[in-house]
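Chain letters run A, B, ... following the sequence lines, proteins first and then strands; every chain starts at 1. All values reported here derive from a predicted model rather than from experimental measurement.
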Number of protein chains: 2
Amino acid sequence: MTKAPTRIQQRNRAAILSAGLDIFSQYGFRGATLDQIADAAGLSKPNLLYYFPSKEAIHTALLERLLETWLDPLKALDGSGDPVAEIMGYAQRKLAMSRDFPRESRLFANEILQGAPHIEEILKTDLKTLVDDKAAIIQGWADAGKIAAIDPHHLIFSIWAFTQHYADFDVQVRAVLGDKAPHDGALSFLDTLYSKLLRV
Amino acid sequence: MTKAPTRIQQRNRAAILSAGLDIFSQYGFRGATLDQIADAAGLSKPNLLYYFPSKEAIHTALLERLLETWLDPLKALDGSGDPVAEIMGYAQRKLAMSRDFPRESRLFANEILQGAPHIEEILKTDLKTLVDDKAAIIQGWADAGKIAAIDPHHLIFSIWAFTQHYADFDVQVRAVLGDKAPHDGALSFLDTLYSKLLRV
DNA sequence: TTCTGGTTTGACCAACTGGTCAAAATAACG
DNA sequence: CGTTATTTTGACCAGTTGGTCAAACCAGAA
């Protein structure tokens, strides 16, 4: 049986994962260095490697933790709910994730930009299945005349694109908007955009 | 006066820039190596450094070349044109750029993800000025009742996000869509989305 | 053909990279 | 307190990195 982790282990592993998230999400896997991560975690490099056997292991741990929750907002889209409310709710949850977990969003963006070397299989299986599934539900709503007739896949892409933009392109958004906090405006724009789009 | 570049110079500099675009757009500045770029360009590393004095120089040259044209679609948005047609035309031009220059889009995405260390000033000055300018035009149209009342900045963000998504997240889009070419569907979705949004 | 200037290369370097290891320092616990 | 298991560290290593340099190579004009 595996030993329960000590308090020190919990603290240091958490510090490493947080530091790794900072660094990997900014520089990507190859651009990040163990020295940077160790420094950000407040540990020496050998000490960091006492908790994770390799750079790859930290990255994998982060990616796995991310994937556990990354698809939750879409999974929660309920075929038996009110069509417009379900889709709008999904978009809102995604926008909230972009606000609350911008580093995770950028970690994911980096992984995809680099060709998704670690998660391509998951994209082609789990993700595709999930998206096809939900797309079929949305298509059903469209066919039943409950929402406007639109391509469900591209609808989902547009939600991903718009919501993640505020995390991934944060520095550009801030450069353009200046002081104003982006998210309030984004939320009401998103509401307008999708309620107009979905209205029959 | 500067000498005219020889045929060999033209060919090799072009090969290096193309190779650099491949590598930088995938791995980011820090993640890319001169060996990779030299290899992709079909040159030895010292030979590559005969044409560009440093890794930084290649990256800068690429970024400068990109910025020359990156904002053209938005610059072309004409305040004296038909409001809906102008905005839709802008979105369509951006989508076409995403289709025709995906590597450039990813190079830009990488730069922003990394905090825009090389172009933050440009974002805060040139880009912000341009966007504020065009946003004012769009706001004018909205105030005059020629298009629906929407936040022009977030409208522009949504166009950036959606169109660039197909280049930057290409591997994910393909994983989900399978064989089907993404761009046709994207174009007609975009048409539907923005004509519904802008209609008064 | 020779000369000349542009081009290419192999050998090299210092700094950095991910990672190892034995020893030292510290915590945990009876 | 003493003993033991965990944690931390300095020194180190082999491979890679961006970059240099002198020497060799080559294209083309005279």
Subject >> Exceeds 12 heavy-atom contacts within 6.0 angstrom, atom CZ of A:Arg103 >> reply: yes
Original post:
Counting any heavy atom closer than 4.0 Å, what does A:Tyr51 reach on the DNA or RNA strands: base, sugar-phosphate only, or nothing?
Top reply: sugar-phosphate
Subject >> Phosphate OP1/OP2 of C:dG6 contacted by B:Asn12 side-chain N/O (<4.0 Å) >> reply: no
Subject >> Rounded distance (Å) that lies between atom C1' of C:dT26 and atom CZ of A:Arg11 >> reply: 12 Å
Subject >> Contact check, side chains of B:Tyr194 and A:Lys196, non-hydrogen atoms, under 4.5 Å >> reply: no
**OP:** Evaluate the side-chain proximity of A:Lys75 to A:Tyr90: yes if any heavy-atom separation is below 4.5 Å, no if none is.
**Re:** no
Subject >> Nearest-angstrom distance from the residue atom CD1 of A:Ile58 to C1' of C:dG18 >> reply: 11 Å
**OP:** Could you tell me the separation between the CG atom of A:Leu48 and the C1' atom of D:dT7, rounded to a whole number of Å?
**Re:** 13 Å
Original post:
Does the side chain of B:Phe29 reach to within under 4.5 Å of the side chain of B:Asn110, using non-hydrogen atoms?
Top reply: no
Original post:
With a 3.5 Å cut-off and just heavy-atom distances, do the side chain of B:Lys45 and the base of D:dG18 make a donor-acceptor pair?
Top reply: yes
**OP:** Could you tell me whether the side chains of B:Gln139 and B:Asp143 share a donor-acceptor contact shorter than 3.5 Å?
**Re:** yes
Original post:
Nearest-Å distance, CD1 (A:Ile23) to P (C:dG18)?
Top reply: 11 Å
Original post:
Given side chains that start at C-beta, do those of A:Ile156 and B:Val176 come closer than 4.5 Å, heavy atoms only?
Top reply: no
Original post:
Of all the nucleotides listed (C:dG6, D:dG28, D:dT7), which has the minimum atom distance to the side chain of B:Tyr50?
Top reply: C:dG6
Original post:
B:Gln9 has an atom CD; how far is it from atom P of D:dA27, in whole Å?
Top reply: 15 Å
Subject >> Touch class at under 4.0 angstrom, heavy-atom based, for B:Leu49 against every strand present >> reply: base
Original post:
Which residues, if any, of residues 25-34 of chain A bring a heavy atom under 4.0 Å of DNA chain C?
Top reply: A:Ala32, A:Thr33, A:Leu34
Original post:
Is B:Phe169 close to B:Gln164 at the side-chain level, that is, under 4.5 Å between some pair of heavy atoms?
Top reply: no
Subject >> Transitive ILVMFWY side-chain link B:Ile23 to B:Leu113, under 4.5 Å >> reply: no
**OP:** Using heavy atoms to find the nearest nucleotide of DNA chain D for B:Arg7 and B:Pro53 separately, return the residue whose nucleotide is more 5′.
**Re:** B:Pro53
Original post:
Separation of B:Arg13 atom CZ from C:dG6 atom C1', in whole Å?
Top reply: 15 Å
Original post:
Which nucleotide sits closest to the side chain of B:Ser54: C:dT20, D:dG19, C:dA28?
Top reply: D:dG19
**OP:** Send over the distance from B:Asn47 CG to D:dC26 P, rounded to a whole Å.
**Re:** 13 Å
Original post:
Starting at the 5' end of DNA chain C and moving along, which residue's nearest nucleotide shows up first, A:Lys55 or B:Gly42?
Top reply: B:Gly42
Subject >> side-chain contact (heavy atoms from CB on, under 4.5 Å) between B:Trp160 and B:Val131, intermediate numbers included >> reply: CA-CA 12 Å; B:Trp160 289 349; B:Val131 171; 3.8 Å; yes
Subject >> Closest listed nucleotide, where the reference is the side chain of B:Asp35 and the choices are C:dA28, D:dG18, C:dG18 >> reply: D:dG18
Original post:
Which nucleotide, D:dT7, D:dT20, C:dT7, lies nearest any side-chain atom of B:Ile8?
Top reply: C:dT7
Original post:
How long is the line joining CD of A:Gln36 and P of C:dG19, in whole Å?
Top reply: 15 Å
Original post:
Hey, does the side chain of A:Ser105 reach the backbone of A:Phe101 with a donor-acceptor pair shorter than 3.5 angstrom?
Top reply: no
**OP:** Mind grabbing the angle between the end helix axes of the helix from C:dT1-D:dA30 to C:dG30-D:dC1? Five pairs an end, 10° rounding.
**Re:** 10°
